[in-house]
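Chain letters run A, B, ... following the sequence lines, proteins first, then strands; residues in each count from 1.
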Amino acid sequence: MAEMDEPEKKRTRVVELTEKMVVEGGCGGSCEWEGRWNHIKKFLERSGPFTHPDFEPGTESLQFLLQTCRVLVIGAGGLGCELLKDLALSGFGKIDVVDMDTIDVSNLNRQFLFRPKDVGRPKADVAADFINSRVPGCHVIPHFKKIQDLDERFYRQFHIIVCGLDSIVARRWMNGMLLSLLVYEDGEVDQTSVIPLIDGGTEGFKGNARVILPGVTACIDCTLELYPPQINFPMCTIASMPRLPEHCIEYVRILQWPKEMPFGDGVALDGDDPEHIQWVFQRSLKRAAEFNITGVTYRLTQGVVKRIIPAVASTNAVIAAACTTEVFKLATSAYVPLSNYMVFNDVDGLYTYTFEAERKENCSACSQVPVDLHFPPSSKFQQVLEYLTESTSLQMKSPAVTATVEGKSKTLYLQSVASIEQRTRPNLSKSLKELGLTDGQELAVADVTTPQTMLFRLCFTS
Amino acid sequence: MAATKDSKEQKYDRQLRLWGDHGQEALENAHVCLINATATGTEILKNLVLPGIGAFTIVDGHIVSGEDAGNNFFLSSDSIGKNRAQAATELLQELNSDVSGNFVEESPDKLLDNDPEFFHRFTIVIGVQLPESTCLRLGMVLWSASVPFLICKAYGLIGYMRLMVQEHTVIESHPDNALEDLRLDRPFDEFKSHIKSYNLSIMDKKDHSHTPWVIIVAKYLERWLSEHDGQPPKNYKEKEAFRQIIREGILKNENGGLEDEENFEEAIKNVNTALNPTKVPTSVEDLFNSEQCNNITAQSSSFWVMLRAVKEFVYNEGSGSLPVRGSIPDMIADSQKFINLQNVYREKAMQDAAAVSKHVESLLQSVGKPPESISEKDIKLFCKNSSFLRVVRCRSLAEEYSVDSINKDEISGLDCCCFRFFSYLI
């Protein structure tokens, strides 16, 4: 990781950003009391054997945390609730939180800012209310939105961003957004345009926390292969050769529901609707009985339909604490940050290790190296799309491709708008030559995994 | 309002998928004691209250200070001046109405002076930021009462945990990457007859392509054994040759090319693990050799009685192997063939569990206990998990601090001038 050995530069940046910030008023004297920040002061107002080599104790750091530093927490769920608590108690006074979800009863076993009476309300709102009331002087601003609904002007405001997301797609999007904010000078990244991204993830008894300095250290896409592949059963197994109870459930979800539309035309299967799950459960039992398969339960049905990941409070607490510590270190420059990836597992005893994830030379997100696509001109356009979705380094979800053909911009394929999908579908079976594409041609690709269009260069092979 | 079973299932759904109904039951029957409601202490309790621990009791004689209210989410500025145990209990209790929260406004040292048996009622005692002397005193009381003791300290960015538990047995350890129990190296009779029922050479294409890889490997292994004096493929060269023979079994199409037979590809891929010898894991062997297993008394827990019964099984009906697990991984096959194969293993597992049951019965009888003291359900579960049984044992604090157990030789070696280490007084 690039050395955090220029606290001067960091402090200059802090001061610069401070000047740009509008400092909101606190709640006056009533929210402070004697000794409140004694523990934090021990970190920041005295020297110690474990501090950053360039650290100099002083009182400005705490004031910076309380009054000026702006932290963005993405997600107000399992990790989010813990992060908000930890950050607020660590002295961070200005926190924004983004979450598009509402509270469900199954959240209550770990998302401790929520109560049974809050079920149905937006997570961001309830979380902010709770913290603001429990930690006087801390000001949490909620955003009941998707991360994609906010733009660069929003994200640019923050000193540090910490993620407690539950999807890889969302992580990649956030990653892409921060990369798009980078300013380059003479091929070098302008450090003041770097917004550190602390990313945490958990699943059952496992978790990880990582520190990403966009443009400087390994980004999310640099290490895409670290994520285990999603389990999807082959269609022929589901359609005609089920063996496991899961196959029976997927049959009902993927084939039977669209055919029967049991709750009305166009009514999609809602994993959160117990009536929907009950319907799938009953049909799955029938399917299983036909093949003498045992093991279909309501719990399994719900788990398969919603792709439920098990979760407990303790893992989220550990990972959020690790993330908060890194936010604290980066904001105060008082300690050496994690460099740069921590793994945690307490399935059997307790196991943890850290390592330095390396940047990928040709990372499609952060390397600035244009990605070449090698295809013979006779290959079908479908093959290019398959490469974009199936290659382990790209793993796109539903890429939309545009190219400049004969001087005009032409959408070659787009899945998300039905009318355009229909119109461009014939292109899939046409060859690249037939589509009028030339060697060295640029293809612009948009996808949910990145906020910015990615540019590829088409290289014809013989 | 008491939570209904349904609403609890919904609330606890995400954790039930980890530790199941048994785990949840154990949690709900537990009563945890926390000594000192510091930020560390309340954080630990939070993570127990949220998943529904039966009850907790906070023991703390301190008054809440401004410093406490500043770093503890479960204390507010209103708590300042109040007893810390009481203040923290209020805010922790409101996290989960299923849990019963209690507090004792007393220092642990006082309790140890006047009523050490107070601590006997707990499932576990968690001591946070306790001075060494208190830890040692409390450690002695808890060790003799067989109550686990978790000692925690946090200072700045340094944390410390020490678990003291005499013996903790785990049946359902939910291992991440368990090896399958397919018995290809020592097929039991029913498995052998099932393999015999297949004739790969006369099958039609559809059946051939949908035969489970386990059958394929078993068939080719039979052939190999007959051609190699009963010796299975042992080294890389032989395993590669074995894989090649299987590859040659893939059907050919009219042009002489290979048909797409994914089940054969699976067989080839699984040759390495399939040829792993079936044996009792060393961890389980160690348990078989332990004092508790060999010396079953009326006081023995059901864990040890069942373990002994499994040991008897291994030495008798099992011919050196644990009871068959009964589960098989998913594999390319048509439903019928897969289910039939699965049933062969399931039925054998039931048979083995029944044999273990008989041993359990006679062991119970030998110590004057009724055979129903251990249920069939528990025995089946034990057998299914027999490869994954775990026993955790930690030494007592007294032993750790005892002069006799110090590793004198290693420490005296550190006296040499070539060693340098820094010590910090905290």
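- Heavy-atom distances place the backbone of B:M331, and not its side chain, under 4.5 Å from chain A.
- Residue contact with chain B, scored on non-hydrogen atoms closer than 4.5 Å, is absent for A:I40.
- Judged by distance alone, with hydrogens and angles left aside, the side-chain atoms of A:R110 form no donor-acceptor pair with the main-chain N or O of B:Q15 at under 3.5 Å.
- Looking only at side-chain heavy atoms (C-beta outward), A:F291 and B:D334 stay at 4.5 Å or farther from each other.
- Neither the backbone nor the side chain of A:Y298 comes within contact range of chain B; no heavy atoms are under 4.5 Å apart.
- Tested against B:Y12, the residues A:V105, A:V312, A:N109 include a single side chain to side chain contact (heavy atoms under 4.5 Å, CB included) partner, A:N109.
- Scanning all heavy atoms of the two residues, the minimum distance from A:G303 to B:R17 falls at CA-NH1, 3.4 Å.
- Side chain of B:S335 to main chain of A:P242: a donor-acceptor pair is present (N/O by atom type, distance under 3.5 Å, no hydrogens or angles).
- The backbone N or O of B:E94 sits less than 3.5 Å from a side-chain atom of A:R115, completing a donor-acceptor pair.
- For A:L89 against B:F73, the heavy-atom pair with the smallest separation is CD1-N, 3.5 Å.
- For B:A39, no part sits under 4.5 Å from any heavy atom of chain A, backbone or side chain.
- For a residue to count as touching a neighbouring chain, one of its non-hydrogen atoms must lie under 4.5 Å from one of that chain's; by this rule B:L95 touches chain A with backbone and side chain alike.
- Heavy-atom distances place no part of B:D68 under 4.5 Å from chain A, backbone and side chain included.
- Remark: A:K42 NZ is packed, more than 12 non-hydrogen atoms of other residues, nucleotides or ligands lying under 6.0 Å away.
- A salt bridge links B:K46 with A:E82: the distance from a Lys NZ or Arg NE/NH1/NH2 to an Asp or Glu carboxylate oxygen falls below 4.0 Å.
- No more than 12 heavy atoms of other residues, nucleotides or ligands sit less than 6.0 Å from atom CD of A:E34.
- Using a 4.5 Å cut-off between heavy atoms, A:N292 touches chain B through backbone and side chain atoms alike.
- A 4.5 Å side-chain heavy-atom check between B:D13 and A:I308 finds at least one atom pair inside the cut-off.
- Contact detail for B:R14 and A:S106: the closest heavy-atom pair is NH2-OG, 3.4 Å.
- The shortest heavy-atom contact between B:N47 and A:A317 is ND2-CB, 3.6 Å.
- Side-chain contact check for B:L157 versus A:F50: every heavy-atom pair is 4.5 Å or farther apart.
- Of the two parts of B:L16, the backbone and the side chain both hold a non-hydrogen atom closer than 4.5 Å to a non-hydrogen atom of chain A.
- Separating the CG atom in B:N96 from the CG atom in A:L108 is a distance of 9.0 Å, to the nearest 0.5 Å.
- Neither the backbone nor the side chain of A:Q111 comes within contact range of chain B; no heavy atom of the residue lies under 4.5 Å from a heavy atom of that chain.
- Of all heavy-atom pairs between B:G70 and A:W37, the closest is O-CZ3, 4.5 Å.
- Neither the backbone nor the side chain of B:K337 comes within less than 4.5 Å of any heavy atom of chain A.
- At least one side-chain heavy atom of A:F205 sits less than 4.5 Å from a side-chain heavy atom of B:L18.
- For B:E43, the part sitting under 4.5 Å from any heavy atom of chain A is the side chain, from C-beta outward, and nothing else.
- In this structure, chain B has a heavy atom under 4.5 Å from the side chain of A:Y335, while its backbone stays farther away.
- Panel note: side chain A:R243, backbone B:D330; no donor-acceptor pair is recorded below 3.5 Å.
- Neither the backbone nor the side chain of B:L163 comes within contact range of chain A; no heavy atom of the residue lies under 4.5 Å from a heavy atom of that chain.
- Using the six-membered ring where Trp is involved, A:F112 and B:F74 have ring planes that are tilted, between 30° and 60° apart.
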